[in-house]
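This report refers to the structure that appears directly beneath it.
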Protein chains: 2
Amino acid sequence: MQKAIIQDYLNNYFSHFEPKLKNALAKGCTIKTFPAGEQLMQTGQYFKSTMLLVGGLVKVYRQGDDGGEFFVYHLEPGSACALSMICATKQEKSEVLATAVEDTTALLVPIAMMDDLMRDYKTWYYFVLETYRSRFEELLEVIDHIAFKSMDERLSYHLEKLSKQHGSKELYTTHQQIASDLGSSREVISRLLKKMEQHGNVVLQRNSIQLRN
Amino acid sequence: MQKAIIQDYLNNYFSHFEPKLKNALAKGCTIKTFPAGEQLMQTGQYFKSTMLLVGGLVKVYRQGDDGGEFFVYHLEPGSACALSMICATKQEKSEVLATAVEDTTALLVPIAMMDDLMRDYKTWYYFVLETYRSRFEELLEVIDHIAFKSMDERLSYHLEKLSKQHGSKELYTTHQQIASDLGSSREVISRLLKKMEQHGNVVLQRNSIQLRN
DNA sequence: CGTTGTCGGTGACTAAGGTCACATGGTTCA
DNA sequence: TGAACCATGTGACCTTAGTCACCGACAACG
């Protein structure tokens, strides 16, 4: 039965929610899955519910007028999409894109529930604020990086981050992909990676990068 | 009497708050003023209250490791500092700097009140979310600009913004100041401004810039 | 096996923006 | 009036990163 599955998810990834809150959520939520590569969110979209991630990995990014994309942050199980929370409550448009990097599972919390949850469960309200705060910080970090750092620093940092995300020193990706994430071009990234390899910081193979150090 | 003054401020700048909410705020708030140039917020600071602006203008900016600063957004009367809201509730450190551009007046809402306000007044909770959402959007806009736009576009945009902020086509500032805001250097800004002047978009004088068009 | 597509490597060039050095011309104030 | 200071203008130069053109290597697949 679905409700039991939802309870399970909540216990695994949102264990700090009190039992009553979990029950309330289990009652109102539905489960939705997205295969890897699928868009969860487009610019200009309206939301009817907020999402709690319970499996997979989601990439959130911004699109420029010219079509270039720019990586902003990842969402992992146990986190919520701050934008969907607020856009849902306020019925505002979304301003970013999100796609599933891996097969992803999310709990959909209908906006109709939000007001009640907010009023009745301090844990929920703290959770929402905390979600916002941490995304906000990530944005500030992104700004710091593009404002103050050079490409090579940003590249190292990005690789580190990907590595932590997947819990592995072996990254399966292409130079082109990294270039889009950082808003740069393939050649530049290839060159910088080469330099890093010469310094012994990485080992390059086709379709994969191994981090040393 | 102070309570009446606070009520007055609330009526002027937060007129959409319902009377009960205004009363609750008036009971718990204190007024604080900051002379132009004073820091309202440093990195690493903890908050004991959240701020509602009721007069003046505040500049929020980020500081790089090297000491360079980078303008993020302005706060005007009628808005609240999203960061102080959340940092206050969560007792987390602040990550940005804020200084008063003009003499500034703010209402301080003690964090002890936040939980109750949040629970009892839907208007307040919507206000908090909306504050967050709009700051979030501004951050995304900043990211767009540094990621996708060239310096001359960013400069024009920044001047426009300053002009709207002060409600005047005459900006009293220095090239150096603009350069810091945009994370660039004085010479570059001077050159670009010169070019804009040649195109008839601005008129330059010592310590001031007049926008045309 | 050859064809085709994707990925990565590389040199040459360009453009944007940052840096340096120094000039100019107001402003202030003794 | 002249010294000190500040905001600005400007040429020369350098670095970073983006672009173009093209190549080789590998994989997939008929």
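Proteins get letters first, then strands, A, B, ... in listed order; numbering begins at 1 in each.
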- request: Compute both the distance and the angle, then confirm whether A:Arg135 meets the cation-pi test with A:Tyr73: under 6.0 Å from the six-membered ring centre, within 45 degrees of the axis.
  value: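 Here A:Arg135 passes the 6.0 Å and 45° test against A:Tyr73.
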
message: Using the side-chain contact (heavy atoms from CB on, under 4.5 Å) criterion, which residues pair with B:Lys161? Sequence neighbours excluded.
response: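 Here the qualifying residues are B:Glu138, B:Tyr157.
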
From [atom1] of [X] over to [atom2] of [N], roughly how many Å is that when rounded to an integer?
X        : N      : atom1 : atom2 : value
A:Glu153 : D:dA17 : CD    : C1'   : 15 Å
A:Ile189 : D:dT16 : CD1   : P     : 15 Å
B:Leu192 : D:dT8  : CG    : C1'   : 14 Å
A:Met151 : D:dT19 : CE    : P     : 11 Å

field: Shortest non-hydrogen separation from B:His175 to B:Ser190 and the atoms involved
entry: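 B:His175 and B:Ser190 have their closest heavy atoms at ND1-OG, 2.9 Å.
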
field: Nearest heavy-atom neighbours spanning B:Val58 and B:Ala98
entry: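 Where B:Val58 meets B:Ala98 most closely, the heavy atoms are CG1-CB, 3.9 Å.
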
task: Would you indicate whether the side-chain heavy atoms of A:Leu139 and B:Leu140 approach each other to under 4.5 Å?
output: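 In short, these two side chains touch, coming nearer than 4.5 Å.
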
Taking [X] first and then [Y], would you say they form a salt bridge - that is, a charged N and a carboxylate O separated by under 4.0 Å?
X        : Y        : answer
B:Lys59  : B:Glu69  : yes
B:Arg133 : B:Glu137 : yes
A:Asp144 : B:Arg62  : yes

message: Using C1' atoms of five pairs at each end, report the bend of the helix from C:dC1-D:dG30 to C:dA30-D:dT1 rounded to 10 degrees.
response: 20°

- prompt: Do the side-chain N or O atoms of A:Ser185 get closer than 4.0 angstrom to the phosphate oxygens (OP1, OP2) of D:dA17?
  reply: no

statement: Its contact letters, B for base, S for sugar-phosphate only and - for none at protein heavy atoms under 4.0 Å, make nucleotides 3-9 of chain C read ---BBBB

